[in-house]
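Take a look at this one; I'll ask things after.
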Amino acid sequence: MSLYFRHLSLRVHTVEGGLFGVDIPFKITGLNVIWADNTKGKSNCVNAILYALGLEKILTNKKAPPLKSVMTSIIKDDEERSYAVAESYVELEVENQDGSVLSIKRQVAGEGSTDLIQTWDGPKLTQPEGTYIQKDFVGAITGSALRSFGMANYLGQFLGWDIPDVARFEGGTSRLYLETLIPLAFVEQQNGWSVFPARVPTQFGIRDVHKRGVEFFLGLDVSEVEKKKQELSQALEQTSQQWYRLYDRLVNLAKEHNGKLDSVPDQPDQEFSSDEDQEPQLLLSRNKKWIDLETEISLLRERLSELTAAPPKSSEIQSIEAEHELSNLLNDLPYKQAAFDDLQKELSLESDRIQSLNDRLADLEEDLVKHRDAKKLRDIGSTLQDKLSPASCPTCLRKWPSTLLFEKDSNRAMTLEENIDLINGQKDMFQRMKEQSRGVVREKKRQVRAIEDEMISHRSRIRALKETLLSRSETPSVADVQARITLESSIRKLENTLTEFNDLIRRLKPVQKEYKRLLSEKDKLPASGLSEEDIVKLNAWEDRIRNQLYTYGFKTCLPPEISISKQTFKPEQAGFELNIEASASDLIRMKWAYQLGLMEMSSEFSTSRHPQFLILDEPRQQSVNRFGMQELLKRASLARGRNQQVILMTSEEKPILEELLQGVDHHLYSIDGLILKKMPN
């Protein structure tokens, strides 16, 4: 998880003055000191690095490139002659932890789009004679950070970062954008030193954005703990909703019979009784007493048996109509069953058709995204060949024949716009087909229910007719028949209720068990969110900061009084943020210690995700004394031993700088006069 800077190049083509430019090589590990006089364009180079990476939102929200006029409109030579800028661009060469090199080029002025970022998978900038694969991306435009064509997304992959989603102020989650992370490793001169501990863009609406960045760089478990808490909370909410759906149905089931639930907990975190005598029951009110459902069914069955066994009370009757009706019903029932089976098959086929249409719509949506991405790249100036193959039909996915109906059109491929229109048209067509199929399914289901009801009615009538024909030769009284029918109906209804009640209890118990498991898992998470390993990391970071403050000459308070807040991850003294009391020069010293210490932590803990570089533009701010500056240089030079890179831009007086660098392991690159100089065309 490293990003090393190898080479920076700025080029400006003018109308009459020819070519201007600068090349700045970097050692990929250790301390790089870039020196130039003040106001000669040094900070322009720093900003150009962010611009090349597509991270200019760290500097500004404006659409225009965040570079000086020498790159955009007017440039002067050493003799103060002015020339109009015709074209300009930035090139940057970087390397990651695997040794893979990426070359980047981005237009600043001229005909090309400033949104387009061109890349090559190799050292094209320093070794242009090589052959490299080119890929084009877009810079900081809406949505690019989450899409495959976005430079920020690609840069995260190049770094080997698995960037998480984090909470937003307005609710929901958002990607932890690179623009919110890099300021912890990059301090530019204009605004970077005026905000402590880091100037992080807030326009992304990320809650506790600074804290989220520190968590990511240090690889703290707290982010995973917080994520786990959110996941468990969502799972608990879903499980709770599932519980209450089942429980509410139980309550309604009891109400249908004017009954009540017994030994059924009304909260998902409550236990079912383990006592066999307190099994869940549905109780019914009978003669001012509560009786369980099974007992009531048993009593009704006994009464029905007594009524059935009672002697006949009326004369014999033979029913020719009953025999005729029974014959008709028996003949009709197989046809009903066949129709029912046919409808079920048709329903299954129509459901499969809907699933097939869903799959096709998903494929079309994926194709549409690819075509729109390709169009966006083309619109901002990419000249790469379109990789979307027109070799197959987007409707049926069959390959095109070698020639079509008209030979004169056989070699014409559809344009991106035509493909997008075609796909949109097909989406509309398949969506209409899907809605039609859903209507058919609804109608089929109604037919199935209707036939099912008819079959139930037929079978009930058949049973009644058979019993009539097989009964004694006397017809029961009207009262007996009515009583029997009522008892049979009540028994059937209560049996159905008992079946549903037992099924609901059977489903409720595992839901309760899952809820309690999730609750227990959530309770085991650290209350503060910080794991023991997190505490170790933060304490180690504190020690590094305090140690540096001693050497830098920090005076606001004694360094041991400084701590890192476990809530905000910002330095504090006696529970208050440090910037309330500290002097301007001490805040600069703290900023050195804070950000350099953050980078150093990655060599101590393998789970850290720092990008292994730190860029400081004009670190000697607010009249920080020379002694503190020298100690910073010494500390920064130790980066070589940790395979880390520190780039320090300065306009310190050259004799003083040379004195400060004595005995310090470093690479010095000096630029006399204007940084952008005339170059051979």
Side-chain angles (χ1 to χ4, degrees), residues 1-8 26-32 46-59 92-104 117 119 140 145 150-164 166 175-188 192 197-201 209-220 223 537 541 544 569 591-592 594-617 619 635-636 638-649:
M1 298 181 182
S2 306
L3 185 69
Y4 303 114
F5 298 94
R6 293 165 53 97
H7 199 96
L8 174 67
F26 302 105
K27 296 290 186 182
I28 64 171
T29 60
L31 173 62
N32 290 265
V46 175
N47 294 350
I49 293 175
L50 290 177
Y51 180 71
L53 295 173
L55 303 175
E56 64 270 21
K57 284 189 177 180
I58 293 175
L59 303 169
L92 182 67
E93 194 172 279
V94 295
E95 182 177 325
N96 66 10
Q97 66 280 355
D98 299 324
S100 298
V101 177
L102 182 69
S103 296
I104 304 167
I117 300 178
T119 70
M151 183 62 192
N153 185 48
Y154 182 67
L155 187 58
Q157 296 175 22
F158 185 74
L159 273 160
W161 279 350
D162 182 13
I163 302 177
V166 293
R175 179 66 56 88
L176 185 58
Y177 293 92
L178 262 66
E179 288 91 337
T180 67
L181 294 170
I182 297 303
L184 290 169
F186 198 115
V187 186
E188 47 87 23
R199 182 177 181 269
V200 181
V209 61
H210 170 79
K211 185 179 180 181
R212 299 286 90 84
V214 172
E215 288 172 0
F216 182 79
F217 271 18
L218 287 180
L220 296 183
S223 57
K537 288 180 180 179
W541 190 19
R544 290 178 178 274
F569 304 143
K591 199 169 179 70
W592 296 348
Y594 188 88
Q595 300 201 222
L596 186 54
L598 185 62
M599 183 180 74
E600 291 176 350
M601 289 290 293
S602 61
S603 65
E604 189 171 341
F605 297 93
S606 60
T607 53
S608 297
R609 290 180 288 231
H610 197 282
Q612 308 300 313
F613 75 82
L614 178 61
I615 296 180
L616 304 174
D617 185 11
R635 185 85 177 207
L638 300 178
R640 185 188 300 278
R642 298 187 301 270
N643 290 321
Q644 296 172 336
Q645 183 184 47
V646 177
I647 298 175
L648 191 149
M649 303 278 193

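What's counted below: heavy atoms across the whole structure, side chains too, no hydrogens, waters or symmetry copies. For reference, positions follow the sequence shown, starting with 1.
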Least distance between heavy atoms, Phe217 atom then Pro611 atom:
CZ-CD, 3.5 Å

If I compare all heavy atoms of Val101 with all of Glu93, which pair ends up nearest, and what's the gap?
CG1-CG, 3.7 Å

Verdict with supporting geometry, Phe613 and Tyr4, ring pair (Phe, Tyr, Trp, His ring centres under 6.0 Å):
CA-CA 7 Å; Phe613 75 82; Tyr4 303 114; 8.9 Å; no

Arg6 and Glu95: CA distance, side-chain angles, deciding distance, salt bridge (Lys or Arg N to Asp or Glu O under 4.0 Å) verdict
CA-CA 7 Å; Arg6 293 165 53 97; Glu95 182 177 325; 2.7 Å; yes

side-chain contact (heavy atoms from CB on, under 4.5 Å) between Gln612 and Gln645, intermediate numbers included:
CA-CA 6 Å; Gln612 308 300 313; Gln645 183 184 47; over 6 Å; no

Are the side chains of Leu31 and Arg640 in contact, using a 4.5 Å heavy-atom criterion?
no

Lys537 and Thr607: side-chain donor and acceptor closer than 3.5 Å?
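A pair is found: one side chain offers a donor N or O, the other an acceptor, under 3.5 Å apart.
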
So do the side chains of Leu59 and Glu188 get within less than 4.5 Å of each other, counting heavy atoms only?
yes

Separation between CD (Glu604) and CZ (Arg642), nearest 0.5 Å, reads 10.5 Å

Separation between CG (Asp617) and CZ (Phe186), nearest 0.5 Å, reads 7.5 Å

Could you go through Ile163 and Tyr177, starting from their C-alpha distance and side-chain angles, then the distance that decides it, and tell me whether this counts as side-chain contact (heavy atoms from CB on, under 4.5 Å)?
CA-CA 8 Å; Ile163 302 177; Tyr177 293 92; over 6 Å; no

Grab the two heavy atoms, one from Met599 and one from Ala639, that are nearest each other, plus how far apart they are.
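The answer is CE-CB, 4.3 Å.
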
Taking all non-hydrogen atoms of both residues, which atom of Gln595 and which atom of Val187 are closest, and how far apart?
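That would be OE1-CG2, 3.5 Å.
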
Quick one: CD1 on Ile58 to CG on Leu178, what's the gap to the nearest 0.5 Å?
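These two atoms lie 8.0 Å from each other.
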
Sub-3.5 Å donor-acceptor pair from the side chain of Asn32 to the main-chain atoms of Phe26, do we have one?
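No, Asn32 side chain to Phe26 backbone: no donor-acceptor pair under 3.5 Å.
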
As an exercise, state the distance from CD1 of Ile182 to CG of Leu3, rounded to the nearest 0.5 Å.
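It is 7.0 Å, given to the nearest 0.5 Å.
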
Quick one: does NZ or CZ of Arg609 land under 6.0 Å from the six-membered ring centre of Phe216, within 45 degrees of the ring axis?
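Yes; both conditions hold, so Arg609 lies above the ring face of Phe216.
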
Can you name the closest pair of heavy atoms from Leu53 and Ile117 and give their distance?
C-CD1, 4.5 Å

Is the backbone N or O of Asp98 less than 3.5 Å from a side-chain atom of Asn96, with the two atoms forming a donor-acceptor pair by type?
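Yes; at least one donor-acceptor contact below 3.5 Å.
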
Drop me the distance from Leu638's CG to Leu596's CG, to the nearest 0.5 angstrom.
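Going from the CG atom of Leu638 to the CG atom of Leu596 covers 8.5 Å.
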
Of Arg544, Gln644, His610, which is the lone residue that meets side chain to side chain donor-acceptor pair (under 3.5 Å) with Glu600?
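So, applying the side chain to side chain donor-acceptor pair (under 3.5 Å) to Glu600 and each of Arg544, Gln644, His610, only Arg544 qualifies.
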
Do Tyr154 and Leu102 have side chains that approach each other closer than 4.5 Å (heavy atoms only, starting at C-beta)?
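Sidechains of Leu102 and Tyr154: in contact.
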
Measure the acute angle between the ring planes of Trp541 and Tyr594, then classify it against the limits of 30° and 60° as parallel, tilted or perpendicular.
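Rings of Trp541 and Tyr594: tilted, as their planes differ by 30° to 60°.
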
Out of curiosity, Ile615 CD1 to Ile647 CD1, how far, rounded to the nearest 0.5 Å?
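Spacing of CD1 (Ile615) from CD1 (Ile647) equals 4.5 Å.
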
Locate the shortest heavy-atom distance separating Ile104 from Ala52; write the atom from each residue and the value.
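Result for this residue pair: CG2-O, 3.3 Å.
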
Heavy-atom side-chain contact between Leu648 and Pro619 under 4.5 Å
yes

